[in-house]
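All residue numbers in this chain count up from 1 along the given sequence. Remember, it's 1-based here, ligands and their atoms both numbered in the order they're listed.
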Amino acid sequence: MSTSTSAMESLLVENRVFPPSEAMVKAARVSGMDGYNALCAEAEKDFEGFWARLARENVVWNKPFTRTLDESNAPFYQWFDDGELNASANCLDKHIGTPTENKVAVIFEADDGTVTKTTYKELLARVSQFANALKADGVKKGDRVLVYMPMTLEGVIAMQACARIGATHSVVFGGFSAKALQERIIDAGAVAVITSNYQMRGGKELPLKAIVDEGLGMGGCDTIKTVYVYQRTQTACNMVAGRDKTFDEALAGKSTECAPVPVGAEHPLFILYTSGSTGKPKGVQHSTGGYLLWAKLTMDWTFDLKPEDVFWCTADIGWITGHTYVAYGPLAAGATQIIFEGIPTFPNAGRFWQMIERHKCSIFYTAPTAIRSLIKAAEGDAAVHPDRSDLSSLRILGSVGEPINPEAWMWYYKNVGHEKCPIVDTFWQTETGGHMMTPLPGATPLVPGSCTLPLPGIMAAIVDEVGNDIPNGTGGILVVKRPWPSMIRTIWNDPERFKKSYFPEEMGGKLYLAGDGAVRSADRGYFRITGRIDDVLNVSGHRMGTMEIESALVSKTDLVAEAAVVGRPDDLTGEAICAFVVLKRPMPKGDEAKAIAKELRDWVAKEIGPIAKPKDIRFGENLPKTRSGKIMRRLLRSLAKGEAVTQDTSTLENPAILDQLGQAY
Ligand code: WT7
């Protein structure tokens, strides 16, 4: 395990503090540190009572629960398990007959700038109609449905329609390859795929259905009965008779009313695949009741959502952020939200700022990578600077997915928030379902680059390798000591891996291991994430397993003998992927090396997806190994950074190859 020291060093020098304004404190739902502390005290005093109260107040139950937390089969915790509900009803039906029914639920802005507004009532009708289409084809409660959609309203409709009939969705991000899609279809045993002919990004028309066809063609996907194709563009795509149908065909003659199917609170709402420390992605399984509670509640707590807010989370529905803070949370909370199909740099890098002005966005939630790239763009071209747009509608800013460096934080705070909008730096994971640690806008004094404190009821702590608490000011391993409602329930098809990955015996088997290092400040006890302690990389906020990329590289058996992948810091993307490769042929030089590197990058794009392409590829005749044959990854990390190797190399079998691997071709 390694913890990055640079983040810890900056903690020592970071002493700027930004308390919330008095007006913000006064108007906030969780008001001041007193408000925050009162909730924490309630959770400490009566843990189950605290969660039961919140679950009664924030979720509409078809059948009320009588058991709050069942720990008898830990770590397979169950929450509210004898209660019944429907997630879609909690997002849509619940607003019918209230003033929210005619409120705009979604402002959709297409890649080309076309804007469409959909009210809650209209959205309910569209979701219900699609749910009826699924039902007509025999999709039923408990079935898995794979969603491979562009960032459009139809993607959210697909997810909600599944939830409505109790089908478990598994969304795959549009940047994953046919092979990745096929593996997920097989693992989940999906009965249907919901996709689109093409997707529009940055003015380009990119295929989606063709990738589905390729994935299904790879074999093993016989469980798939139907492929639904949303016609996003006019361009025709291949349609397989008897299997494929367009949305129009599927929806024809279907009623716009569909009774939501109540499911048990523990019923799997979705599976979302994410990277871990082995080559195989993990199907993170989430519940319905606990997940929905946290999606709704964190909208209220973290974003202090008010009825007049216009909320915008820029994440794609292919990631957990797009599940909780696009497809479920904002709807459960009755918000008006913006959904954006395109990319932040098209037609120019002022797009986000122009959209905030155009739609009077008041809560803006994005990733540090986006902020860093827009800083760079604004510094190079005044025309795309946030100053060119009227951002006065903003009241709260958010950051998610990776550590935000204090420089980017300050720029965001000054140039986007004009020093009046708190930044909620939300730390969480695919596995946690929703926010774990974050400042609250009307309570927590902000420190740039710190996610500050856990939400009430979240028992986060920092421990050593065997699970003992360690003092503030010392870096250690981030854990959560008690279960929480929106936590991962298991890894689909692999409960043993779930136990091993998240509740390791070495630490007593009771602590949830996040996989990150962290340190708490000596003065305030604020948390700062220092980075992953396993073999997981965070590239532009996208989670990638080094082993996954290594397996992809070595599967190119005609060329690659051995490969090791590590991360190195990158100013723009946070981390960059660096691959060390031993070829089954003599060391290439110059143009030949370049050509082989390109071939390997394209191969990885085909195996996993373009997002996994290594930025650097270094060739060597061997990898640095200990005498027992273990690859010395710490050493590779130094080489990737371009640092002189200062580690002890006395156990190294073959020191000469360090020179080779240290050189870019
Ligand atoms: C990993 C989880 C958060 C949902 C989207 C990403 C890193 C996430 C922060 C933050 C520092 C962060 C962690 C975590 N991370 N948020 N605010 N500060 N690091 O979910 O793909 O499951 O990745 O992202 O390393 O473990 P994910």
Side-chain angles (χ1 to χ4, degrees), residues 1-4 6-8 10-11 171 173 175-176 271-277 281-284 286 294-295 298 302 313-326 329 365-371 397-406 408-409 412 423-439 444 446-455 460 477-480 486-488 491 501-502 512-519 526-546 548 567 569 573-575 611-612:
M1 292 187 183
S2 75
T3 42
S4 124
S6 58
M8 286 190 209
S10 63
L11 178 80
V171 185
F173 176 60
F176 279 109
I271 305 166
L272 183 59
Y273 287 85
T274 190
S275 298
S277 6
K282 318 188 250 202
V284 172
H286 276 287
W294 205 229
T298 49
T302 308
C313 166
T314 66
D316 192 282
I317 51 166
W319 309 109
I320 189 69
T321 311
H323 280 58
T324 311
Y325 300 107
V326 178
Y365 189 38
T366 198
T369 291
I371 297 165
L397 300 175
S399 171
V400 58
E402 31 168 349
I404 179 164
N405 46 310
W409 194 101
Y412 193 31
I423 298 178
V424 291
D425 176 358
T426 60
F427 167 84
W428 57 296
Q429 312 174 292
T430 304
E431 293 87 342
T432 68
H435 302 153
M436 296 299 275
M437 297 199 274
T438 174
T444 323
L446 309 169
V447 169
S450 168
C451 59
T452 71
L453 296 168
L455 286 170
I477 298 167
L478 178 66
V479 296
V480 187
S486 68
M487 70 193 295
I488 173 175
I491 293 175
S501 316
Y502 301 111
Y512 169 82
L513 180 71
D516 285 286
V519 57
Y526 275 10
F527 287 78
R528 177 184 299 259
I529 305 301
T530 52
R532 297 289 304 196
I533 52 173
D534 52 11
D535 299 315
V536 168
L537 304 182
N538 195 323
V539 182
S540 303
H542 297 162
R543 187 162 151 183
M544 308 283 2
T546 55
E548 231 174 307
T573 58
E575 275 187 296
I611 52 174

Heavy-atom distance under 4.5 Å between the side chains of Leu478 and Met437, does that happen here? yes

Going by side-chain contact (heavy atoms from CB on, under 4.5 Å), name the residues that satisfy it together with Thr573, two or more places apart in sequence or in a different chain. Val539, Ser540, Asp570, Ala576

All side-chain hydrogen bond (donor to acceptor under 3.5 Å, both in side chains) counterparts of Ser399, not counting sequence neighbours: none

Can you tell me which residues line ligand 1 if we count any heavy atom under 4.0 angstrom from one of its atoms, in chain and number order? Ile320, Thr321, Val400, Gly401, Glu402, Pro403, Asp425, Thr426, Phe427, Trp428, Gln429, Thr430, Asp516, Ile529, Arg532, Asn538, Arg543

Taking the side chain as every heavy atom from C-beta outward, state whether Thr324 and Trp294 have any atom pair closer than 4.5 Å. no

Taking atom types as modelled, find out whether Thr298 and Tyr325 have a side-chain donor-acceptor pair closer than 3.5 angstrom. yes

Partners passing side-chain contact (heavy atoms from CB on, under 4.5 Å) against Thr274 (at least two apart in sequence or in another chain): Val284, Thr430, Glu431, Arg543

